[in-house]
Amino acid sequence: MLFKEVYADLDKRIINGGYPPGSTLPNEVELQKRYDVSRTTIRKAVNQLVAENKVVRKKGSGLFVAPIISKQNILEMTGIIKPLYLESADKIKFKETYLRLVGSYYAAVFNVSSNELLYDISFTAEIKNEITCEHLLLLLDNFPGFDPNCLKVMSIIEAVNTGIHKPDDVYQDFQLIKATEEISKQFHIQEKDPVFKIMNLFSTREGKIVAVEYRLQDALKTRYSIDFS
């Protein structure tokens with residue numbers, strides 16, 4: 001089998017949704033076994049997909065299907081605060097990832113039954129040497145089969161855009177707080193040092209909340225730009 005045939009088959013699977021945006025592709029060794037070809041053939045096929053921006057090769061993490069939402073759409077979606085986290089993380093370290101009941105508080109936020117399930121994902125992300133602590137909540141019904149590993153190559157907004165209902169707007173609540181003992185350890189700062197606490201509510205054009213994100217960042221190191229246009 002020539003590398004063009006391997007490329008064509010992988011490309012077809014990506015286009016048809018067999019490998020959705022942000023999902024993990026089999027590694028080169030697994031692909032070699034699947035197609036019964038040499039490692040060189042697999043690498044040439046993967047390299048072509050990477051060159052066409054259809055696949056992302058993340059050092060230390062593997063191969064991922066590239067996101068489809070554009071950065072311009074992301075910028076239009078956000079408010080006047082233009083944060084660095086529009087970029088995908090250089091490093092991701094998951095703390096907790098599990099399914100749980102929505103509960104009474106988030107049932108009101110999402111306007112659903114408290115017995116529904118949601119993904120509860122906590123992780124730290126490093127973007128251009130700036131560390132953030134993330135907490136992401138996604139309704140299972142809107143994100144069936146969600147793969148948290150997509151966060152290794154996607155920004156939060158790109159990941160939220162993979163759901164059934166697409167976000168059209170983001171409500172941002174921006175606070176400056178003092179670091180607690182736990183927060184100071186995470187950021188290697190002193191207690192009571194300033195920390196940015198940001199809450200993002202992602203909603204559809206109809207006003208339906210599809211995702212909730214909480215973010216903590218060291219206020220002395222984080223840079224934001226303000227758009228007054």
Side-chain angles (χ1 to χ4, degrees), residues 3 6-35 37-75 77-78 83-98 119-136 138 143-163 167 186 200 202 211 213 215-217 221-223:
F3 90 91
V6 175
Y7 159 83
D9 186 65
L10 289 172
D11 187 45
K12 181 179 179 180
R13 289 172 184 268
I14 291 171
I15 293 172
N16 292 339
Y19 294 124
S23 64
T24 307
L25 284 175
N27 61 40
E28 291 184 0
V29 173
E30 293 170 331
L31 291 172
Q32 182 182 355
K33 293 178 180 178
R34 177 174 299 181
Y35 290 103
V37 294
S38 69
R39 187 74 174 270
T40 301
T41 298
I42 292 298
R43 182 153 296 176
K44 288 179 68 176
V46 170
N47 284 346
Q48 183 166 335
L49 291 167
V50 171
E52 294 175 355
N53 297 317
K54 296 176 180 178
V55 168
V56 176
R57 181 185 280 113
K58 191 80 168 180
K59 186 176 180 180
S61 298
L63 301 170
F64 299 85
V65 179
I68 57 175
I69 188 172
S70 71
K71 290 288 190 258
Q72 183 60 38
N73 288 340
I74 293 172
L75 288 169
M77 190 185 303
T78 55
L84 180 66
Y85 70 83
L86 292 177
E87 301 295 331
S88 58
D90 300 314
K91 297 179 182 177
I92 289 282
K93 183 177 180 181
F94 289 103
K95 297 172 65 178
E96 292 183 305
T97 301
Y98 58 95
Y119 290 102
D120 192 314
I121 306 167
S122 298
F123 60 96
T124 58
E126 183 177 324
I127 305 174
K128 297 181 180 178
N129 297 318
E130 293 186 12
I131 297 175
T132 70
C133 293
E134 292 279 3
H135 190 191
L136 183 62
L138 306 171
F143 295 88
F146 182 77
D147 181 5
N149 283 313
C150 74
L151 296 167
K152 295 179 179 179
V153 293
M154 287 184 169
S155 68
I156 291 291
I157 297 179
E158 288 170 327
V160 170
N161 195 63
T162 63
Q186 290 175 320
N200 290 321
F202 298 87
E213 174 201 11
R215 176 183 295 262
L216 296 175
Q217 293 175 294
K221 294 182 179 179
T222 303
R223 292 181 176 87

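Bear in mind the structure is a predicted one, so any value in this text is a computation, not a measurement. Along the sequence shown, residues are numbered consecutively beginning with 1.
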### Audit row: Ile156, Asn200, side-chain contact (heavy atoms from CB on, under 4.5 Å) steps and yes/no
CA-CA 10 Å; Ile156 291 291; Asn200 290 321; over 6 Å; no
### Result of checking Lys33, Gln32, Glu30 against Ile42 for side chain to side chain contact (heavy atoms under 4.5 Å, CB included)
Gln32
### Query
When you measure from the side chain of Asn16 to the backbone N and O of Gly18, does any donor-acceptor pair fall under 3.5 Å?
no
### Message
Run the side-chain contact (heavy atoms from CB on, under 4.5 Å) test on Arg57 and Asn47 for me, step by step, so that the C-alpha distance in whole Å, both residues' side-chain angles and the decisive distance to 0.1 Å come before the verdict.
### Response
CA-CA 9 Å; Arg57 181 185 280 113; Asn47 284 346; 2.8 Å; yes
### Query
Side-chain contact, heavy-atom cut-off 4.5 Å: Pro148 with Phe94?
yes
### Message
Measuring from atom OG1 of Thr97 to atom CG of Leu151, what distance do you get when rounded to the nearest 0.5 angstrom?
### Response
8.5 Å
### Query
Considering only heavy atoms from C-beta outward, does the side chain of Leu25 approach that of Val65 to under 4.5 Å?
yes
## Note on the structure
Interatomic distance, CG@Leu10 vs OH@Tyr35, rounded to 0.5 Å, equals 3.5 Å
### Task
With sequence neighbours excluded, tell me which residues meet side-chain hydrogen bond (donor to acceptor under 3.5 Å, both in side chains) with Thr124.
none
### Query
Out of curiosity, Thr41 OG1 to Glu28 CD, how far, rounded to the nearest 0.5 Å?
11.0 Å
## Note on the structure
The reported gap from OH in Tyr98 to CG in Asp120 (rounded to nearest 0.5 angstrom) is 3.5 Å
### Task
Under the salt bridge (Lys or Arg N to Asp or Glu O under 4.0 Å) rule, collect the residues that match up with Arg34, sequence neighbours excluded.
none
### Query
So do Val37 and Phe3 actually touch side chain to side chain, heavy atoms under 4.5 Å?
no
### Task
Kindly give the heavy-atom pair with the smallest separation between Glu158 and Val153, and that separation in Å.
OE1-O, 4.2 Å
### Message
When you measure from the side chain of Asp11 to the backbone of Tyr7, do you find a donor-acceptor pair of N or O atoms at a distance under 3.5 Å?
### Response
no
### Summary
What one should report as the nearest heavy-atom pair of His135 and Ser122 is CD2-OG, 3.4 Å
### Message
Given 3.5 Å as the limit, does a donor-acceptor pair link the side chain of Lys58 with the main chain of Lys152, or not?
### Response
yes
### Summary
Interatomic distance, NZ@Lys95 vs CD1@Ile121, rounded to 0.5 Å, equals 14.0 Å
### Message
Please report the interatomic distance CE(Met154) to CG(Asp147), rounded to the nearest 0.5 Å.
### Response
9.5 Å
### Query
Less than 4.5 Å apart, any side-chain heavy atom of Phe143 and any of Thr162?
yes
### Task
State whether the side chain of Gln48 and the backbone N or O of Ala45 hold a donor-acceptor pair below 3.5 Å, judged by distance alone.
no
### Leu138 to Ala211 - nearest heavy-atom pair and separation
CD2-CB, 3.5 Å
#### Entry: Nearest heavy-atom neighbours spanning Cys150 and Ala159
SG-CB, 4.1 Å
#### Entry: Audit row: Val55, Ile14, side-chain contact (heavy atoms from CB on, under 4.5 Å) steps and yes/no
CA-CA 9 Å; Val55 168; Ile14 291 171; 3.9 Å; yes
### Task
Provide the full list of salt bridge (Lys or Arg N to Asp or Glu O under 4.0 Å) pairs with a residue in residues 12-27, sequence neighbours left out, each pair given once.
Asp9-Arg13
### Query
What's the shortest heavy-atom distance between Cys133 and Gln186, and which atoms?
SG-OE1, 3.6 Å
